[in-house]
Amino acid sequence: MPVEFLGIAATADGTETTARTTAAFDRDYTLRLARAHEDHGWDRVLFAYGSGAPDPAPAAAFLAARLDTLQILLAHRPNVSYPTFAAKTFATLDRISEGRLTVHFITGGNDHEQQREGDFLTKDERYARTREYIGIVKKAWTSREPFDHEGAHYRFNDFVSDVFPVQQPRPGVSFGGSSAAAYAAGGAEADVYCLWGEPLARTAEQIERVKEAARAAGREDVPRIQVAFRPIIAPTEELAWEKAHRTVDAIRARREGGELIRRGRPAGTAPENAGSRRLLEIAEAGERYDRALWTPTAAATGGAGNSNALVGTPETVAQALLDYYDLGVDILSARGYHLVDDAIDFGRHVIPIVREEVAKRDAAEAAKAAKAADAAERAERDRHQLIAVQA
């Protein structure tokens with residue numbers, strides 16, 4: 001199966017290890033980072049969402065109008081706009097990008113962050129709202145006739161859009177979460193289900209949960225799986241681990257100095273969302289897992305999303321990613337700590353290895369399938385010959 005690489009479309013240059021030197025939305029930096037991805041083999045970049053951050057939709061439109069091939073994953077929280085309005089925004093952006101949009105729907109795992117923009121629903125209520133919201137957006141993308149809706153969270157009459165996506169029948173829908181409510185909603189509605197990087201065995205368990213939820217929703221297909229990591233690479237293993245420890249020291253120093261603002265919850269509070277709790281549980285149980293997974297980066301951030309690292313040479317990190325590919329993960333999300341330089345290095349040194357190995361696997365599978373088909377054809381031919389002789 002094909003493999004895709006997802007990077008980050010940051011609009012400013014700050015990370016967990018480095019203080020921001022630009023405005024929150026810096027046109028030149030946003031474009032430079034995106035071009036680093038487009039020029040070095042990445043498929044798509046994520047425009048993330050935060051309550052006080054720049055609006056990702058116009059930022060994505062800014063990039064889409066200036067780049068030719070890079071695809072866009074647009075994060076969106078259902079609480080910030082009505083679904084019919086959002087559907088038109090997404091369709092317009094898909095038009096601007098000539099069909100390069102996927103929408104990532106965020107339910108919100110923390111009450112404090114949600115309440116910053118007036119959302120006071122409980123977590124389970126938010127998941128129910130997200131599921132209803134996605135259904136409305138999908139219908140608005142595809143219905144040429146006016147329709148009514150009356151649900152638990154939204155009610156309207158006689159809506160029909162005059163702007164439709166380039167992609168047919170519609171753009172893709174991405175979704176994430178690690179709770180039972182998340183699996184149920186995403187299993188029912190998502191084309192792509194997003195997970196944070198965990199040990200292989202636990203990732204395999206989550207993939208099965210997603211598949212079970214899709215089947216329970218009556219689907220014949222299942223969502224594609226995406227997993228996210230923070231790669232730390234260097235020419236040798238020794239240099240990579242030295243870099244990893246410097247990275248954690250920098251995160252801890254910024255956190256202890258009060259420079260890191262924990263987006264989503266007040267400082268000193270435990271995470272509410274299941275995904276962050278899982279990351280902290282894994283980090284508490286051990287620092288290193290499998291081929292290259294390293295958890296101190298997650299522990300240092302308090303279980304912030306996408307914070308487990310893969311550490312090693314490009315070859316080691318590529319092989320670690322292939323381990324996840326072999327589980328059924330075909331979208332690999334990666335983001336470094338020095339965004340432009342790391343996007344270039346990962347694109348030059350890791351992506352080609354993974355793509356080459358995936359091509360080999362696909363060729364081997366195709367050859368195996370062809371051999372099996374040939375054997376079945378011979379068996380059928382022999383059966384017919386035997387019947388003819390007996391007659």
Side-chain angles (χ1 to χ4, degrees), residues 1-8 41-46 73 102 104 174-178 182-183 186-187 190-214 222-233 237 240 244 274-275 278-279 281-283 285-298 305-336 342-343 345-347 349-362 364-365:
M1 58 185 175
V3 64
E4 294 182 10
F5 287 91
L6 171 69
I8 190 70
W42 298 77
D43 298 285
R44 191 184 310 270
V45 288
L46 166 67
L73 179 60
T102 299
H104 179 65
S174 172
F175 187 91
S178 297
Y183 294 133
D191 301 302
V192 175
Y193 202 100
C194 306
L195 305 172
W196 290 333
E198 295 187 6
L200 289 164
R202 295 187 62 139
T203 300
E205 291 170 1
Q206 285 192 293
I207 292 172
E208 285 307 309
R209 292 287 301 276
V210 173
K211 290 179 178 178
E212 288 169 4
V222 295
R224 298 172 64 194
I225 302 296
Q226 172 186 304
V227 177
F229 303 97
R230 305 300 291 272
I232 301 174
I233 61 172
E237 295 291 329
R278 287 173 67 98
L279 293 184
E281 176 192 336
I282 292 164
E287 289 193 358
R288 295 178 66 169
Y289 292 85
D290 304 319
R291 194 186 299 266
L293 190 72
W294 196 54
T295 65
T297 45
N306 186 16
S307 50
N308 271 339
L310 292 176
V311 182
T313 63
E315 292 77 10
T316 296
V317 170
Q319 291 301 322
L321 291 170
L322 286 162
D323 291 338
Y324 288 89
Y325 176 84
D326 291 338
L327 287 181
V329 176
D330 64 344
I331 304 176
L332 300 168
S333 174
R335 171 165 53 102
D342 288 348
D345 286 346
F346 189 89
H349 303 299
V350 178
I351 289 178
I353 297 174
V354 176
R355 291 202 192 281
E356 182 179 354
E357 289 300 318
V358 166
K360 289 178 182 177
R361 283 165 165 75
D362 288 348
E365 284 297 316

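Note that the numbering runs from 1 along the sequence shown for the chain.
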Practice problem: For residues E212 and Y183, determine if any side-chain heavy atom of one lies less than 4.5 Å from a side-chain heavy atom of the other. | Solution: no
Self-check item: Heavy-atom side-chain proximity of L293 to Y324 below 4.5 angstrom
Solution: yes
Practice problem: Quick one: closest heavy-atom pair of W196 and G305, and the distance? | Solution: CZ2-CA, 3.1 Å
Quiz item: Can you name the nearest heavy-atom pair linking P223 to A214, along with the distance?
Solution: CD-CB, 4.0 Å
Exercise. Using a 4.5 Å cut-off on heavy atoms from C-beta on, say whether the side chain of S174 contacts that of D191.
Key: no
Quiz item: Which pair of non-hydrogen atoms, one from S307 and one from T297, has the smallest distance, and what is that distance?
Solution: O-OG1, 2.5 Å
Self-check item: Distance (rounded to the nearest 0.5 Å) between N306 CG and L195 CG
Solution: 11.5 Å
Quiz prompt | Euclidean distance, E208 CD relative to L327 CG, rounded to 0.5 Å | solution = 10.0 Å
Quiz item: Under 4.5 Å between any side-chain heavy atoms of Y325 and V3, yes or no?
Solution: yes
Quiz item: Just wondering, do L310 and I232 contact through their side chains at under 4.5 Å, heavy atoms?
Solution: no
Exercise. Decide yes or no for D290 and D323: does some side-chain heavy atom of the first lie under 4.5 Å from some side-chain heavy atom of the second?
Key: no
Quiz item: Do E357 and K360 meet the salt-bridge criterion of a basic N to acidic O distance under 4.0 Å?
Solution: yes
Self-check item: Heavy-atom pair of closest approach, residues F175 and G186
Solution: CD2-CA, 3.4 Å
Quiz prompt | Heavy-atom side-chain proximity of V210 to I225 below 4.5 angstrom | solution = yes
Quiz item: Quick check, are the ring centers of W294 and Y289 under 6.0 angstrom apart?
Solution: no
Exercise. Determine the minimum heavy-atom distance between V329 and I331, stating which atoms define it.
Key: CG1-O, 3.5 Å
Quiz prompt | R230 (side chain) donor-acceptor with R335 (main chain) under 3.5 angstrom | solution = yes
Quiz item: Regarding T316 and R291, is there a side-chain donor-to-acceptor distance under 3.5 Å anywhere?
Solution: no
Quiz item: With no hydrogens and no angle check, is any side-chain donor or acceptor of T313 less than 3.5 Å from a backbone partner on I233?
Solution: no
Quiz prompt | Check: Q226 and H104 side chains under 4.5 Å, non-hydrogen atoms | solution = no
Quiz item: Under 4.0 Å between a Lys/Arg side-chain N and an Asp/Glu carboxylate O for R361 and D326?
Solution: yes
Quiz item: Which atom names give the shortest non-hydrogen contact between A298 and N308, and what distance separates them?
Solution: CB-OD1, 3.2 Å
